[in-house]
Visitor: 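I'd like to ask you about the structure that follows.
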Amino acid sequence: MGNIILIGFMGCGKSTVGIKLSYRMRRSMLDTDKLIEKEEGRTISEIFATDGEVYFRDLETKCLKNLIQTEKNRIISVGGGLPIRKENHILLKQLGTVVYLRASAETIYERVKNDTTRPLLQGENPKEKIENLMEQRLVIYEQAADVIIDVDGKDFDTILDEIIAKV
């Protein structure tokens, strides 16, 4: 059995679902954002502020290429923007089964509205930013995914059951 990769918009539950799924399936879990932060020795916010989004997206692509060589049988959570790059779709599929955790803009906003660590939400009207970004990314996530799981209004056990059943 190969890796299970969790994709989706920020705040959809990738990290939490990833941790719970890793316990349920007795597999280790890896978060690409945390891996990049560790390798760079700074936070995602600092990377964005110092070197910009393009540099960060380059780090994500490099990270995927490395994981393809080294990781087997893991749960892997990736940053919300990682699937934006078309080349990353191919890399994600080489890495394993891609599961898109789909949530509504309302759910996302409620989960992340007080989170100051997310660079793309800083500034005026974060709810509108979420809606616009989600609209842009919806098709991208769907194209990248092998499996789509709707998470709105579901508890974690239900989400995990659905992932396991479909993967």
Side-chain angles (χ1 to χ4, degrees), residues 1-39 43-44 59-61 63-85 88-121 126-127 130-131 133-167:
M1 202 172 193
N3 296 310
I4 296 173
I5 299 99
L6 302 175
I7 68 168
F9 201 78
M10 67 179 104
C12 72
K14 296 181 299 289
S15 297
T16 307
V17 167
I19 291 164
K20 291 180 182 295
L21 191 61
S22 75
Y23 280 108
R24 173 88 72 92
M25 297 184 79
R26 291 183 168 73
R27 295 186 188 194
S28 56
M29 191 246 179
L30 186 147
D31 182 309
T32 59
D33 280 354
K34 291 196 176 18
L35 194 62
I36 290 168
E37 287 180 335
K38 186 177 170 195
E39 288 175 0
T43 66
I44 304 294
L59 292 174
E60 288 181 317
T61 300
C63 181
L64 281 181
K65 288 176 179 175
N66 292 339
L67 293 177
I68 288 169
Q69 303 304 315
T70 60
E71 299 308 319
K72 304 285 180 260
N73 224 17
R74 288 258 194 132
I75 308 298
I76 301 171
S77 169
V78 304
L82 186 143
I84 292 170
R85 284 193 173 171
N88 289 350
H89 290 209
I90 296 159
L91 298 171
L92 285 166
K93 293 204 188 278
Q94 286 176 354
L95 187 57
T97 303
V98 183
V99 178
Y100 167 28
L101 301 179
R102 184 166 56 192
S104 69
E106 191 60 43
T107 296
I108 299 295
Y109 177 71
E110 286 305 313
R111 290 180 183 178
V112 302
K113 64 183 175 189
N114 298 317
D115 189 340
T116 57
T117 66
R118 299 181 188 268
L120 294 177
L121 290 186
K127 188 168 189 212
I130 290 169
E131 289 166 350
L133 272 173
M134 285 185 79
E135 195 174 312
Q136 293 167 23
R137 292 182 181 178
L138 178 72
V139 173
I140 293 166
Y141 289 141
E142 288 174 352
Q143 288 172 345
D146 296 308
V147 174
I148 299 173
I149 305 289
D150 288 302
V151 299
D152 288 345
K154 292 180 183 168
D155 63 27
F156 286 112
D157 283 331
T158 303
I159 294 167
L160 299 180
D161 290 343
E162 286 184 32
I163 292 170
I164 291 166
K166 292 183 178 180
V167 170

Visitor: Applying side-chain contact (heavy atoms from CB on, under 4.5 Å), can you list everything that pairs with Ile84, at least two apart in sequence or on another chain?
Guide: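 Result, side-chain contact (heavy atoms from CB on, under 4.5 Å) vs Ile84: Arg57, Arg137.
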Visitor: Could you report the tightest heavy-atom contact between Gln69 and Lys72, atom names first, then the distance?
Guide: O-NZ, 4.5 Å
Visitor: Provide the closest heavy-atom pair for Lys14 versus Phe9 in the form atom of the first, atom of the second, distance.
Guide: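 Taking every non-hydrogen atom into account, NZ-O, 3.2 Å.
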Visitor: Going by the rule side chain to side chain donor-acceptor pair (under 3.5 Å), which residues pair with Ser104 if we only count those two or more places apart in sequence or in a different chain?
Guide: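 Side chain to side chain donor-acceptor pair (under 3.5 Å) check on Ser104 returns Thr107, Asp152.
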Visitor: Looking at Met134 and Ala105, what are the two nearest heavy atoms and their distance?
Guide: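 Closest approach of Met134 to Ala105, heavy atoms only: SD-CA, 3.4 Å.
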Visitor: Please set out all donor-acceptor pairs under 3.5 angstrom arising from side-chain atoms of residues 16-24, sequence neighbours excluded.
Guide:
residue : atom : partner : partner atom : Å
Ser22   : OG   : Ile19   : O            : 2.7
Arg24   : NH1  : Asp161  : OD1          : 2.7
Arg24   : NH2  : Asp157  : OD1          : 3.3
Arg24   : NH2  : Asp161  : OD1          : 3.3

Visitor: Nearest 0.5 Å please: distance from the CG atom of Leu59 over to the CD atom of Glu39.
Guide: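 Between atom CG of Leu59 and atom CD of Glu39 there are 8.5 Å.
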Visitor: Which residues pass the side chain to side chain donor-acceptor pair (under 3.5 Å) test with Asn114, sequence neighbours left out?
Guide: none
Visitor: Taking only residues two or more places apart in sequence or in another chain, which ones pass side-chain contact (heavy atoms from CB on, under 4.5 Å) with Lys113?
Guide: Tyr109, Glu110
Visitor: Can you list the residues that meet the side chain to side chain donor-acceptor pair (under 3.5 Å) rule with Asp33, with sequence neighbours excluded?
Guide: none
Visitor: Return yes if a side-chain donor-acceptor contact under 3.5 Å exists between Thr97 and Asp146, otherwise no.
Guide: no
Visitor: Atom CG in Asn73, atom CD1 in Ile4: separation rounded to 0.5 Å?
Guide: 8.5 Å
Visitor: Output the distance between atom CG (Leu92) and atom CG (Leu64), rounded to the nearest 0.5 Å.
Guide: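 The distance works out to 5.0 Å.
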Visitor: Mind checking the OG-CG spacing from Ser77 to Asp31? Nearest 0.5 Å is all I need.
Guide: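 Taking OG in Ser77 and CG in Asp31, the distance rounds to 4.5 Å.
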Visitor: List the steps and the verdict of side chain to side chain contact (heavy atoms under 4.5 Å, CB included) for Leu67 and Asn3.
Guide: CA-CA 10 Å; Leu67 293 177; Asn3 296 310; over 6 Å; no
Visitor: Strictly by ring-ring contact (aromatic ring centres under 6.0 Å, His included), give each pair with a member in residues 143-167 just once, sequence neighbours left out.
Guide: none
Visitor: Could you state the interatomic distance from NZ (Lys93) to CG (Asn88), rounded to the nearest 0.5 Å?
Guide: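 Here the interatomic distance stands at 12.5 Å.
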Visitor: How far apart are the closest heavy atoms of Gly2 and Arg27, and which atoms are they?
Guide: O-NH1, 2.7 Å
Visitor: Testing the basics here: between Met29 and Ser15, what is the closest heavy-atom pair and its distance to 0.1 Å?
Guide: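 Looking at all heavy atoms of both residues, the closest pair is CE-O, 3.7 Å.
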Visitor: Spell out, as yes or no, whether a donor-acceptor pair under 3.5 Å connects the side chain of Tyr141 to the backbone of Gly80.
Guide: yes
Visitor: So do the side chains of Leu101 and Ile163 get within less than 4.5 Å of each other, counting heavy atoms only?
Guide: yes
Visitor: Please name all residues satisfying side-chain contact (heavy atoms from CB on, under 4.5 Å) with Glu162, sequence neighbours left out, ordered by chain then number.
Guide: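 side-chain contact (heavy atoms from CB on, under 4.5 Å) check on Glu162 returns Ile149, Lys154, Thr158.
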Visitor: Glu71: what forms a side chain to side chain donor-acceptor pair (under 3.5 Å) with it, not counting sequence neighbours?
Guide: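 Only Arg74 meet the side chain to side chain donor-acceptor pair (under 3.5 Å) criterion with Glu71.
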Visitor: Name the one of Leu95, Ile7, Leu30, Leu35 that satisfies side chain to side chain contact (heavy atoms under 4.5 Å, CB included) with Val78?
Guide: Ile7
Visitor: For Lys65, what residues pass the salt bridge (charged side-chain N to carboxylate O under 4.0 Å, His left out) criterion, not counting sequence neighbours?
Guide: none
Visitor: Using 0.5 Å steps for rounding, measure from the NZ atom of Lys34 to the CD1 atom of Ile44.
Guide: 9.0 Å
Visitor: So, using side-chain contact (heavy atoms from CB on, under 4.5 Å) as the criterion, who are the partners of Ile148 when residues are at least two apart?
Guide: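 If we apply the side-chain contact (heavy atoms from CB on, under 4.5 Å) test to Ile148, skipping adjacent residues, the hits are Tyr100, Arg102, Glu142, Ala145.
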